[in-house]
Amino acid sequence: MATATSRRRGRASRRGLPASFYDRPVLEVARDLVGCVVQHGPTSGVIVETEAYHDSEPACHAFVGITRRTKTLFGEPGRAYVYRSYGVHALLNAVCEPEGVGAAVLIRALEPRRGLDLMRERRGLSASTRMNGAADRALCSGPGKLTQALGIELSDNDTDLAAGPIVIRERPSEWSDPEIVHGPRVGITKAIELPWRFCAAGSRYLSRAPRH
DNA sequence: CATGGGATTGACT
DNA sequence: GTCAATCCCATGC
């Protein structure tokens with residue numbers, strides 16, 4: 001007779017990484033998230049680029065303390081922090097470290113995995129670009145692109161990354177031990193010296209190539 | 001209540 | 001390489 005747990009799990013767990021995965025130093029989580037899978041409905045991709053943010057440094061939204069905007073960042077680890085960037089794009093972060101610390105990992109790029117047709121539709125890529133790899137690289141190669149491709153919106157802010165609707169899962173077997181390179185974060189004007197960006201070495205799906 | 005600034009992207013010179 | 005779009009929110013009067 002099936003237990004409640006086995007019924008809930010099924011063949012493979014539908015839930016994502018537990019809160020304990022995120023309740024650690026944000027630099028560790030940023031590195032460990034490379035190779036993990038982000039899924040939203042029928043679309044998913046492997047994380048190939050992340051950045052860490054922490055309330056101790058001025059590039060982080062949480063640097064100003066707890067406000068309406070940063071409440072999620074200071075909240076429970078393992079939730080999504082989604083905010084609007086430049087009035088245009090929704091950016092996805094995973095909240096880290098204990099409640100009371102403002103820290104998160106920005107998901108900056110994915111290698112598309114499932115639901116590519118829907119991603120192309122949401123991204124407005126024409127049928128003529130469907131058959132070449134350059135178009136696939138354009139689907140999720142940036143923090144604003146990947147939320148558009150996966151249909152992630154501001155209303156997903158503060159949702160549980162283990163229960164969904166956005167779910168982040170452990171690395172699939174072919175990503176069990178990725179080579180990771182790190183360097184400075186992209187697109188910020190403060191704390192530019194911190195090498196808090198993490199990339200899957202050699203991935204074709206990054207937002208920009210790491211500096212040599 | 002007015003203002004200014006973005007963890008970006010795509011179009012254009 | 002430059003630059004505008006566009007909106008949420010923190011800050012200051």
Side-chain angles (χ1 to χ4, degrees), chain A residues 22 25-27 29-31 33-34 38 45 47-75 77 79-97 101-110 112 119-126 128-129 132 134-159 161 166 168 181-200 203-211:
Chain A
Y22 302 95
V26 68
L27 288 175
V29 182
R31 169 176 285 271
L33 276 174
V34 173
V38 182
I47 298 170
V48 293
E49 179 179 342
T50 64
E51 285 176 0
Y53 288 86
H54 189 274
D55 62 27
S56 61
E57 47 91 14
C60 183
H61 293 166
F63 187 67
V64 297
I66 298 178
T67 63
R68 184 167 42 148
R69 182 193 209 187
T70 64
K71 184 178 157 194
T72 307
L73 279 171
F74 284 94
R79 302 187 82 86
Y81 170 54
V82 183
Y83 73 96
R84 187 166 304 288
S85 173
Y86 291 94
V88 182
H89 309 284
L91 267 53
L92 171 66
N93 300 252
V95 175
C96 295
E97 307 217 6
V101 178
V105 174
L106 171 67
I107 311 299
R108 284 196 56 91
L110 307 176
M119 291 188 188
R120 292 184 187 103
E121 184 181 321
R122 287 170 171 158
R123 293 271 299 122
L125 299 184
S126 69
S128 63
T129 63
N132 65 64
D136 285 355
R137 252 172 282 152
L139 290 175
C140 298
S141 56
K145 295 178 186 179
L146 72 90
T147 56
Q148 185 182 34
L150 267 62
I152 292 168
E153 302 172 9
L154 291 197
S155 57
D156 293 307
N157 186 49
D158 209 25
T159 57
L161 291 170
I166 306 165
I168 300 182
V181 295
H182 63 98
R185 295 174 292 184
V186 174
I188 54 171
T189 58
K190 302 167 200 162
I192 58 176
E193 72 283 359
L194 297 177
W196 285 10
R197 176 181 182 232
F198 299 87
C199 299
S203 172
R204 301 158 16 100
Y205 298 92
L206 303 175
S207 67
R208 328 168 22 171
R211 201 170 69 81

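Labels below follow one simple rule: chain letters A, B, ... track the order of the sequence lines, proteins then strands, and each chain is numbered from 1.
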Quiz item: When all nucleic acid strands are considered with a 4.0 Å heavy-atom cut-off, which category describes A:I188: base, sugar-phosphate, or nothing?
Solution: sugar-phosphate
Quiz item: Quick one: what's the B/S/- string for nucleotides 2-11 of chain C, heavy-atom cutoff under 4.0 Å, read 5' to 3'?
Solution: ---BBBSSSS
Quiz prompt | Pairs flagged by salt bridge (charged side-chain N to carboxylate O under 4.0 Å, His left out) wherever residues 184-199 of chain A is involved - sequence neighbours left out | solution = A:E49-A:R197, A:E57-A:R185
Quiz item: How many Å lie between CZ on A:F198 and P on B:dA7, as a whole number?
Solution: 19 Å
Self-check item: Whole-Å gap separating P (B:dA7) and NZ (A:K145)
Solution: 18 Å
Quiz item: Looking only at heavy atoms, which two atoms of A:T50 and A:A30 are closest? And how far apart?
Solution: OG1-O, 2.9 Å
Quiz item: Are any side-chain N or O atoms of A:T147 and backbone N or O atoms of A:A90, one a donor and one an acceptor, separated by less than 3.5 Å?
Solution: yes
Quiz item: Aromatic ring centroids of A:H61 and A:Y83 under 6.0 Å?
Solution: yes
Quiz prompt | Minimal non-hydrogen separation, A:A109 against A:Y205, with atom names | solution = CB-O, 3.3 Å
Quiz prompt | Nearest heavy atoms of A:V29 and A:C96, plus distance in Å | solution = CG1-SG, 3.6 Å
Exercise. Kindly write out the residues that satisfy side chain to side chain donor-acceptor pair (under 3.5 Å) with A:Y22, not counting sequence neighbours, or none if the list is empty.
Key: none
Exercise. Check the side chains of A:Q148 and A:R122 for a donor-acceptor pair under 3.5 angstrom, ignoring hydrogens and angles.
Key: no
Quiz prompt | Protein-nucleotide distance (A:Y83, atom OH; B:dG5, atom P), rounded to Å | solution = 17 Å
Quiz prompt | Watson-Crick or G-U stems of DNA chain B, 3 or more pairs, under 3.5 Å, by first number | solution = B:1-6 with C:7-12, B:8-12 with C:1-5
Exercise. With A:V105 as reference, evaluate A:L27, A:I47, A:L33 under the side chain to side chain contact (heavy atoms under 4.5 Å, CB included) test and give the passing residue.
Key: A:L33
Quiz item: For DNA chain C, which residues in residues 47-57 of chain A have a heavy atom at a distance below 4.0 Å?
Solution: none
Quiz item: Could you give the CG-to-C1' distance, from A:L146 to B:dT8, as a whole number of Å?
Solution: 12 Å
Exercise. Give a yes/no answer on whether the side chain of A:R123 brings an N or O atom under 4.0 Å of OP1 or OP2 in B:dG10.
Key: yes
Quiz item: Tell me: CG of A:N93 to P of B:dA7, nearest whole Å?
Solution: 11 Å
Self-check item: A:R185 CZ - B:dG6 P separation (whole Å)
Solution: 14 Å
Quiz item: Has the side chain of A:R123 got a donor or acceptor atom that lies under 3.5 Å from a matching backbone atom of A:A138?
Solution: yes
Self-check item: Phosphate OP1/OP2 of B:dA7: any A:K190 side-chain N/O under 4.0 Å
Solution: no
Quiz item: What residues form a side chain to side chain donor-acceptor pair (under 3.5 Å) with A:S203, not counting sequence neighbours?
Solution: none
Quiz item: Has A:R197 got a side-chain N or O lying under 4.0 Å from the OP1 or OP2 atom of B:dA7?
Solution: no
